[in-house]
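Have a look at the structure below, then the notes.
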Amino acid sequence: MKLVCPICGKTHDEPVQRCECGEPVEFERFTGEPYIGKSVWERFWDFWPVEPALEFSLGEGDTPLVKSGLGEELGVKLYLKNETVNPTWSFKDRGTFLAMSHALKAGYKTVGTVSTGNMAASVSAYASRFGLKAKILVSESASDEKLKAVSVYGGEVIRVHGDYGRLYFESLKLGERLGVYFMNSDNPFRIEGYKGIAFEIAEEISPDYVLIPTSSGGLFRGIAKGFIELHESGLIDDLPTLIAVQAEGCSPICRAFKEGKAKIERFENPKTIAKAIANPYPPSGNAVLRLMRDFGWSCVSVSDGEILEAQRKLAGEGLFVQPASATGIAALERLDLPRGAKVVSILTGSGLKTLKSAPQGGIKECPLEMLESCLR
Ligand SMILES: *Cc1c(COP(=O)(O)O)cnc(C)c1O
């Protein structure tokens with residue numbers, strides 16, 4: 001499959017990571033038929049641009065679509081795509097697995113990424129699984145606590161002092177020179193891996209709306225591409241309306257969308273509790289804007305207060321997600337969706353990764369002698 005630029009339309013035969021025009025590249029859309037098989041990788045075998053290295057799979061994907069009561073008050077049918085059950089507790093594993101399959105096939109011995117949280121842990125884990133070395137570049141501000149969940153898998157964690165925004169582009173450049181395959185947030189194989197979320201949803205229901213927590217824009221592009229390929233293959237009748245959800249304190253894509261701009265601008269002084277979606281200059285921001293314009297999709301931003309409230313509500317349903325992953329539910333209140341609409345919210349990552357900011361439940365102290373009265 002060829003790579004094409006979603007902005008200028010140029011096609012590339014070489015496995016480049018970005019177009020000369022400065023924008024991201026993606027594989028040409030595939031149309032065809034899924035197979036009857038076991039995992040999402042097998043069922044949609046022809047839809048991937050590289051053969052998934054199934055022997056190294058950790059069981060990523062094929063996550064539950066959970067019916068939720070949280071939409072009742074608003075009169076919508078709400079479903080939660082629970083990506084927190086992936087091997088390293090976020091959807092990043094889907095993209096990491098496919099990008100790692102490519103790196104292995106292409107003969108790389110070392111892979112890398114630029115991240116502080118979920119993607120770092122995912123790449124560190126899968127590199128070990130695939131028998132590859134990992135170089136994980138993190139920002140100065142990354143906490144020791146978070147980095148433990150990365151280094152435990154054996155990846156080499158490198159704390160880089162300097163402009164974190166430049167690190168994305170520097171890593172791609174140096175990676176090419178040094179033979180390190182960087183699978184950053186919107187790497188083309190990563191995007192392909194995320195298509196599986198759309199495939200799995202479409203196997204179960206025909207959603208009207210899909211709410212997608214959005215930072216770099218990689219997840220949004222992946223889910224969009226998945227639904228578009230199903231539509232162009234004649235496997236679904238209608239495309240759902242996709243809604244990118246950002247935190248108010250860091251919403252470069254929503255801001256550009258509201259102002260009707262074709263290009264995002266850097267969001268100065270980002271500040272939000274939803275750290276996993278706080279990229280102030282998303283590398284796929286322009287590509288997401290283009291999709292929203294072409295398909296009539298939209299963008300909503302939500303406050304930290306609303307995010308925490310949504311996180312609490314989800315915990316009340318037995319699902320503990322991190323703040324970034326609660327934004328979809330927070331957005332529900334802001335959107336005036338038609339009654340009876342089928343809505344899917346993507347729960348992107350587990351709350352166990354962000355225990356520090358988690359809402360506290362009540363704890364009762366009880367001496368054993370008083371247990372009877374404590375239980376009443
Ligand atoms: C990475 C991530 C996102 C956003 O994905 P992008 O591809 O960067 O837009 C959302 N939620 C969680 C928990 C994440 O780890």
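Nothing here was measured: the structure is a model prediction, and the numbers come from that model. Indexing begins at 1, ligand by ligand and atom by atom, following the structure's order.
Of the N or O atoms in Tyr194, none lie within a sub-3.5 Å distance of an N or O in ligand 1. The distance criterion of under 3.5 Å between nitrogen or oxygen atoms is met by Ser215 with respect to ligand 1.
The atoms of ligand 1 that sit less than 4.0 Å from any heavy atom of Gly218 are 6 (P), 7 (O), 9 (O). Every atom of ligand 1 with a heavy atom of Ser325 under 4.0 Å away is listed here by number and element: 13 (C). Per-residue contacts place Gly217 under 4.0 angstrom from the following atoms of ligand 1 (heavy atoms of the residue considered): 6 (P), 9 (O). Each of the following atoms of ligand 1 lies closer than 4.0 Å to a heavy atom of Ile277: 3 (C), 4 (C), 10 (C), 11 (N).
Annotation: side chain of Met183 is in contact with side chain of Thr96 (closest heavy-atom distance under 4.5 Å).
In Leu219, the parts holding a heavy atom less than 4.0 Å from any atom of ligand 1 are both the side chain and the backbone. With a 4.0 Å cut-off on non-hydrogen atoms, Phe220 does not touch ligand 1 at all.
Using a 3.5 Å distance cut-off with no hydrogens or angles, the side chains of Lys275 and Thr354 do not pair a donor with an acceptor. There is no side-chain donor-acceptor pair under 3.5 Å between Asn118 and Thr88.
Nearest to atom 3 (C) of ligand 1 by heavy-atom distance, out of Arg221, Arg190, Lys92, is Lys92.
With hydrogens left out, the protein atom closest to atom 6 (P) of ligand 1 is Ser216 OG, 3.3 Å, a heavy atom. When only non-hydrogen protein atoms are considered, atom 11 (N) of ligand 1 lies nearest to Thr348 OG1, 2.8 Å. Among all non-hydrogen protein atoms, the one lying nearest atom 5 (O) of ligand 1 is Phe91 CZ, 3.5 Å.
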Practice task
Determine, step by step, whether Phe27 and Phe189 satisfy the ring pair (Phe, Tyr, Trp, His ring centres under 6.0 Å) criterion, reporting the C-alpha distance in whole Å, the side-chain angles of both residues, the deciding distance to 0.1 Å, and the verdict.
Solution key: CA-CA 8 Å; Phe27 287 98; Phe189 290 96; 4.9 Å; yes

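Remark: aromatic rings of Phe227 and Phe199 are distant, center separation not under 6.0 Å.
At least one test fails for Arg94 against the ring of Tyr194: distance under 6.0 Å to the centre or angle within 45° of the axis.
No option in Thr63, Ile212, Val210 other than Thr63 meets the side chain to side chain contact (heavy atoms under 4.5 Å, CB included) test with Lys81.
The SG atoms of Cys254 and Cys299 sit under 2.5 Å apart.
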